[in-house]
Each structure stands twice: as structure tokens, then as C-alpha cells.
Amino acid sequence: MAISFKNTKGTAESNKVEAFEYKDGENTVRIVGDILPRYMYWLKGTNGKDVPVECLAFNREKEKFDRAEQDHVTAYFPDAKCSWAYSVNCIDPKDGKVKVLHLKKKLFQQILDAASDLGDPTDMDTGFDIVFKRAKTGPLPFNVEYNLSVLRCKPRSLSDAERAEVAAAKPIDQKFPRPTPDQVKTLLDKITAASSEDTEQSNAESEAVNELS
């Protein structure tokens, strides 16, 4: 299908989503919208890069492993283990943009605990900013600790500009649509059988299908 001259952008529209970048020391975000529950596999492609693949044995809506859909990953990678990978949209106060916050499990539990006293942090009128500290605890990448600064998590109504950004942003489940078992199987075939060049293409496909960058 062709499009009219006045409607063309003259370039391809990117499917890549912008993610919030954690930094050492104090971080502040405002989470908005719904939480996206997922478990993910990180599989090594032939070019040495990790390829994210959603675990379809995990039910997003029920937040449980019900195995209602076939999880092809275990047939291709018997030793692979999926890991907790919840995400949510957030406002980054550094630039006012809505980005994806890939949550850390222990930090999220602290937010849930605080919410029992402070209320729903995602409410645009009565919600609160999430203030936390990130600190390295050792030399390895996973040696990181996150601590919520509860006393600094004060209720704040979103500004008109922030509300406009939220209204214009895609919901989190549209940014990461759940793939079908056939889509996952196709991706796994490419990961296991492709050349390095083909695997780079499969990485791009996985982002377009539903994944983390």
C-alpha cells in the first residue's frame, strides 16, 4: 500500500523503547500506569550476545506459572532458567520523558511495602515519587543493592506537562506485547541455527516482538 506525500515520514519508525538508566547513588522516578509482570530467559546467540526470550509458561495476568501456553525454550535449552523481569512506565525527572523502568525485585518489594502506608504510587494526583539509592557491594555485575528512601517518597500531583507525556506514551503492555508460541519457536530456530549475521537479525526481531534492550 502506498501513502500520500503529506503523510510520509521519509524514514522507518523505530520500535525500540527508551529505558530508564540506573545510576550509582540517589535515583528518583515516578512510576505511572500498569505493571507488566514477566519472566524472561537470556539466551546466548551465536554472535555471543544475550537474546531475551519471554517465558510463556508464566501467566502475566495471574502472575503464576500455569503452563497454559507451550514454552519451547526448555526443548532448545534444557538448562536455561528464566528470571523475574517486571517492567513499568516511569517519568524520568531529568528530562521529563516517559521511559521504561525495568524493575529490580527487592526494590519493587520495598515499593509495595511503602505503598501499604502511602497509597498507590502510580496515582497521578495522590501518588508519590520513588526515591532510592543504588550501591555496588562487590566486583561482579550483580553485586548491587537498592534501598528505598521511604521518608523522601512524598506525595506529589503530576504537572500538566507530565500528564501530557503520560497520555502520549504507549501503555507498557503495548511496548512489550506477549509473543505467541510460534513466534518464540521461530526466534529459537534462528538463535540455534543462524550464522552470526542472521543472529544479529534475530536480536532485532526479538526487540520488535517484545523484548528488553
Side-chain angles (χ1 to χ4, degrees), residues 9 11-23 33-90 92 97-108 134 136 138-144 146 169-213:
K9 298 181 178 68
T11 185
E13 186 172 327
S14 175
N15 286 320
K16 192 175 180 65
V17 298
E18 188 173 5
F20 176 83
E21 294 185 9
Y22 290 85
K23 65 178 183 180
D34 295 330
I35 306 294
L36 180 64
R38 293 189 302 171
Y39 273 73
M40 305 293 294
Y41 295 101
W42 292 89
L43 307 176
K44 191 70 68 177
T46 56
N47 61 353
K49 293 184 178 180
D50 286 336
V51 181
V53 180
E54 184 159 354
C55 175
L56 297 185
F58 180 75
N59 187 310
R60 290 181 176 185
E61 293 183 359
K62 297 179 180 178
E63 288 190 89
K64 64 183 294 186
F65 289 89
D66 62 5
R67 309 192 185 280
E69 289 186 293
Q70 185 172 3
D71 181 11
H72 291 290
V73 173
T74 54
Y76 287 75
F77 297 89
D79 297 328
K81 304 293 184 185
C82 60
S83 57
W84 192 91
Y86 281 36
S87 299
V88 65
N89 278 334
C90 74
D92 185 346
K97 292 183 179 180
V98 173
K99 303 175 182 178
V100 173
L101 178 66
H102 297 304
L103 290 159
K104 308 302 178 183
K105 191 171 185 178
K106 290 183 178 179
L107 174 62
F108 186 51
R134 179 185 189 272
K136 287 287 291 178
L140 299 177
F142 56 82
N143 295 143
V144 181
Y146 298 87
K170 284 185 178 180
I172 192 69
D173 58 347
Q174 290 184 23
K175 290 181 176 180
F176 301 111
R178 184 176 174 88
T180 66
D182 285 344
Q183 286 174 319
V184 170
K185 188 176 186 303
T186 297
L187 179 57
L188 292 169
D189 286 336
K190 291 186 177 182
I191 293 173
T192 54
S195 64
S196 295
E197 181 178 352
D198 289 337
T199 304
E200 288 184 5
Q201 176 62 28
S202 74
N203 285 344
E205 281 194 12
S206 71
E207 288 183 357
V209 169
N210 86 333
E211 301 313 337
L212 307 169
S213 58

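The residues of the chain are indexed from 1 along the displayed sequence.
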S.K.: Which word best sums up how the rings of W84 and Y86 line up, parallel for under 30°, tilted for 30 to 60°, or perpendicular for over 60°?
M.R.: parallel
S.K.: Rounded to the nearest 0.5 Å, how far does CD1 of I35 lie from CG of L103?
M.R.: 5.5 Å
S.K.: For Y41 versus C55, what's the shortest heavy-atom pair and its separation?
M.R.: CE1-CB, 3.6 Å
S.K.: Please report the shortest heavy-atom distance between P179 and V184, naming the atom on each side.
M.R.: CG-CG2, 3.8 Å
S.K.: Backbone N or O of T180 within a donor-acceptor pair of the Q183 side chain at under 3.5 Å?
M.R.: yes
S.K.: Can you list the residues that meet the side chain to side chain donor-acceptor pair (under 3.5 Å) rule with D66, with sequence neighbours excluded?
M.R.: N59
S.K.: Give a yes or no on this: more than 12 heavy atoms of other residues, nucleotides or ligands lie within 6.0 Å of atom CD of E61.
M.R.: no
S.K.: Which heavy atom of V100 sits nearest a heavy atom of S87, and at what distance?
M.R.: CG1-CB, 4.1 Å
S.K.: Is it true that the side chains of K170 and N89 contain a donor and an acceptor less than 3.5 Å apart?
M.R.: no
S.K.: Output the distance between atom CG (L101) and atom CD1 (I172), rounded to the nearest 0.5 Å.
M.R.: 9.0 Å
S.K.: Using the test salt bridge (Lys or Arg N to Asp or Glu O under 4.0 Å), find all partners of K81 that sit at least two apart in sequence or belong to another chain.
M.R.: none
S.K.: Test: salt bridge (Lys or Arg N to Asp or Glu O under 4.0 Å). Region: residues 179-188. Which pairs qualify, not counting sequence neighbours?
M.R.: K185-D189
S.K.: Measuring from atom CD1 of I191 to atom NZ of K49, what distance do you get when rounded to the nearest 0.5 angstrom?
M.R.: 13.0 Å
S.K.: Would you sort out whether D71 and E69 count as a side-chain contact (heavy atoms from CB on, under 4.5 Å), showing the intermediate values?
M.R.: CA-CA 6 Å; D71 181 11; E69 289 186 293; over 6 Å; no
S.K.: So Y39 and F65, would you call those rings parallel, tilted or perpendicular, with 30° and 60° as cut-offs?
M.R.: perpendicular
S.K.: What pair of heavy atoms forms the shortest contact from L187 to P52, and how long is it?
M.R.: CD2-O, 4.3 Å
S.K.: Quick check for you: to the nearest 0.5 Å, what is the distance between E18 atom CD and E21 atom CD?
M.R.: 8.0 Å
S.K.: Side chain to side chain donor-acceptor pair (under 3.5 Å) with K99: which residues, sequence neighbours excluded?
M.R.: D92, D95
S.K.: Of all heavy-atom pairs between G33 and V88, which one has the smallest distance, and what is that distance?
M.R.: O-CG2, 4.4 Å
S.K.: Under the rule for salt bridge (Lys or Arg N to Asp or Glu O under 4.0 Å), what residues qualify as partners of K44, not counting sequence neighbours?
M.R.: D50
S.K.: Go through the steps for V53 and Y76 under the test side-chain contact (heavy atoms from CB on, under 4.5 Å), then give the verdict.
M.R.: CA-CA 12 Å; V53 180; Y76 287 75; over 6 Å; no
S.K.: Can you list the residues that meet the salt bridge (Lys or Arg N to Asp or Glu O under 4.0 Å) rule with R134, with sequence neighbours excluded?
M.R.: D24
S.K.: What verdict does the side-chain contact (heavy atoms from CB on, under 4.5 Å) test give for R38 and F176, after you've listed the backbone C-alpha separation in whole Å, the side-chain angles of each residue and the deciding distance to 0.1 Å?
M.R.: CA-CA 10 Å; R38 293 189 302 171; F176 301 111; 3.7 Å; yes
S.K.: Can you see whether Y22 has K104 sitting over its ring - NZ or CZ less than 6.0 Å from the centre and within 45° of the normal?
M.R.: yes
S.K.: One pair to check against side-chain contact (heavy atoms from CB on, under 4.5 Å): R178 and L56. What are the steps and the verdict?
M.R.: CA-CA 8 Å; R178 184 176 174 88; L56 297 185; 3.7 Å; yes
S.K.: Any carboxylate oxygen within less than 4.0 angstrom of a Lys/Arg side-chain nitrogen, looking at E54 and R60?
M.R.: yes
S.K.: Rounded at 0.5 Å granularity, tell me how far OH in Y146 sits from NZ in K105.
M.R.: 15.0 Å
